[in-house]
Number of protein chains: 2
Amino acid sequence: MADKNNIAKTKVKVPEHSIRRLSVYLRYLYSARDNSDFYVSAPNIAKELNFDPTQIVKDLSLTGIKGKPRAGYNTFELIQAIEDYLNFDKSNRAFLVGAGSLGSALISYPQLESFGIKIVAAFDIDPEKTGKLIKRVNVLPVSQMPELAKRLKVEIGILTTTAEAAQQATNLMVESGIRAIWNFAPINLKVPDDVIVQNTSMYSNVAIMLKKLQASKQS
Amino acid sequence: MADKNNIAKTKVKVPEHSIRRLSVYLRYLYSARDNSDFYVSAPNIAKELNFDPTQIVKDLSLTGIKGKPRAGYNTFELIQAIEDYLNFDKSNRAFLVGAGSLGSALISYPQLESFGIKIVAAFDIDPEKTGKLIKRVNVLPVSQMPELAKRLKVEIGILTTTAEAAQQATNLMVESGIRAIWNFAPINLKVPDDVIVQNTSMYSNVAIMLKKLQASKQS
DNA sequence: TAGATTGTTAATCGATTAACAATC
DNA sequence: TAGATTGTTAATCGATTAACAATC
């Protein structure tokens, strides 16, 4: 049954909570490294980030790293282990579709490359926008996407169009062979079973923040 | 113990998963309403968004709404119930700090207002940026923040500065009486126990997407 | 050695899913 | 009435936390 398949596929099982935390640890580890801290321990990180130390130990063990009792983990090895586990090997080329203000902001977002995503081209339907450069990234007409995707073996698409244009842009990405879509458009995309959609809704974060604010007022 | 207190306070207990989903349902319900669907049922929404129907029923019950067996929920009542539950009453005024490309993108982000946030002013330290307008929002020097926050009773801050400027900007927001900070800067902010920080890290989403992509290739 | 930290196993907690009765 | 859907209670599942042994 196609529908059931779809649900199954959408939920490729990965330990989301741990992965989310690992990316937070990683950010801290970069600064520790720059700070010449050669060893970091779980209680160390925990104190800095206000996390639970045993949870950190458990998360880190996912990457297969071995730490030294008393000392902690070698900072360089730990960074390498997390980067490997999260596939941040810098070869993940991505297209950005929708060169509006959010798209431009993402192209400029700091360190996105060290987090495994390299934006190699941007696309737009608006002829006003195409033919220009945004921080060394070319903005091309969408018609060039399928051919370029195949040539450059691009598997990742970042969707920053309006909600109205999003589904059509998605269809084109799928036709071009894109396997994973990082979606910022506030709409539920329809994709084939084997395409991954990562929704980044601004709204859900707003909702959670407002709810916490309300809860904090009541106590 | 201050540290323990901090941990406790950071985790004001709200059903995060349900809230996140409710905001997704809401977005769909707006389109259903515009489409003149006067009644929607859980299996209805489930099919459209690829969710589990019983989970939807459970989530919706959080808002206190009563549905009709066989028919479902009145669309207007349901929208109202979710908006009430999530405090989207449109009176949540917010300051935006850091008028760079991401800040501008957020000011232009569609429907943010219907999701409970109204950006009433933007701030920047760069004199090049202050004194201008971004889509009807004034960009002011940060020095004006404390006084204006008190006058307008602003409790929410949106932080879109660089990582380097983020902590200082945060301190100023806290001094100004901001109670909740929606943080886009890739850094762990230090705040007093009673201030809520909602981190929106781009990186964690990248990490999860890459991990899913890898997992899907292995099956 | 003593003490701090890792690493593993067990207990708890919360969220999701399943089952089914109530009801329009 | 029959059937679809709500709504509630129970079972399952996964994630977090606690406990403690191993080790440097």
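Residue numbering restarts at 1 for every chain, and letters A, B, ... go by the order of the sequence lines.
- To the nearest angstrom, P of C/dT5 lies 12 Å from CD1 of A/Ile45.
- DNA chain D is contacted by both A/Arg70 and A/Thr54; A/Thr54 maps to the nucleotide lying nearer its 5′ end (nearest heavy atom per residue).
- For the pair B/Arg21 CZ and C/dT16 C1', the computed distance is 8 Å after rounding to whole Å.
- Distance CG (B/Leu22) to P (C/dT16): 11 Å, rounded to an integer number of Å.
- Contact annotation for A/Pro53: no contact, since no heavy-atom pair falls under 4.0 Å across all strands.
- Taking atom NE2 of residue B/His17 and atom P of nucleotide C/dT16, one finds them 6 Å apart after rounding to whole Å.
- When Watson-Crick and G-U wobble pairs are counted only if both distances are under 3.5 Å, C/dT9 pairs with D/dA18.
- In this structure, the side chains of B/Tyr85 and B/Ile19 come closer than 4.5 Å at one or more pairs of heavy atoms.
- Under a cut-off of 6.0 angstrom, the local environment of NZ in A/Lys118 is sparse, with at most 12 non-hydrogen atoms contributed by other residues, nucleotides or ligands.
- Of the candidates D/dT23, D/dT6, D/dT17, the closest approach to any side-chain atom of A/Asp52 belongs to D/dT17.
- Backbone-only contact: A/Ser41 has heavy atoms under 4.0 Å from sugar-phosphate atoms and none from a base.
- The distance from atom NZ of B/Lys66 to atom C1' of C/dC24 is 15 Å, rounded to the nearest whole Å.
- When the nearest nucleotides of DNA chain D are assigned to A/Pro15 and B/Lys68 by heavy-atom distance, the more 5′-ward of the two goes with B/Lys68.
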Decide side-chain hydrogen bond (donor to acceptor under 3.5 Å, both in side chains) for A/Gln55 and A/Lys58; before the verdict, give the C-alpha distance in whole Å, the side-chain angles of both, and the deciding distance to 0.1 Å.
CA-CA 5 Å; A/Gln55 188 178 52; A/Lys58 195 145 208 183; over 6 Å; no
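- Taking atom OH of residue A/Tyr39 and atom P of nucleotide D/dC24, one finds them 12 Å apart after rounding to whole Å.
- C/dC24 is paired with D/dG3 under the Watson-Crick or G-U wobble criterion, all donor-acceptor distances under 3.5 Å.
- Under a cut-off of 6.0 angstrom, the local environment of NZ in A/Lys68 is sparse, with at most 12 non-hydrogen atoms contributed by other residues, nucleotides or ligands.
- In this pair, A/Tyr203 and B/Phe115 present their aromatic rings parallel. The plane angle is below 30°, not in the 30 to 60° band.
- Of the candidates D/dC24, C/dT8, D/dG7, C/dT8 carries the atom nearest the A/Val57 side chain, counting heavy atoms from C-beta on.
- Distance, B/Gln55 CD to C/dA15 P: 11 Å, rounded to whole Å.
- Taking atom NZ on A/Lys58 and atom P on C/dG7, their separation rounds to 13 Å, with Å as the unit.
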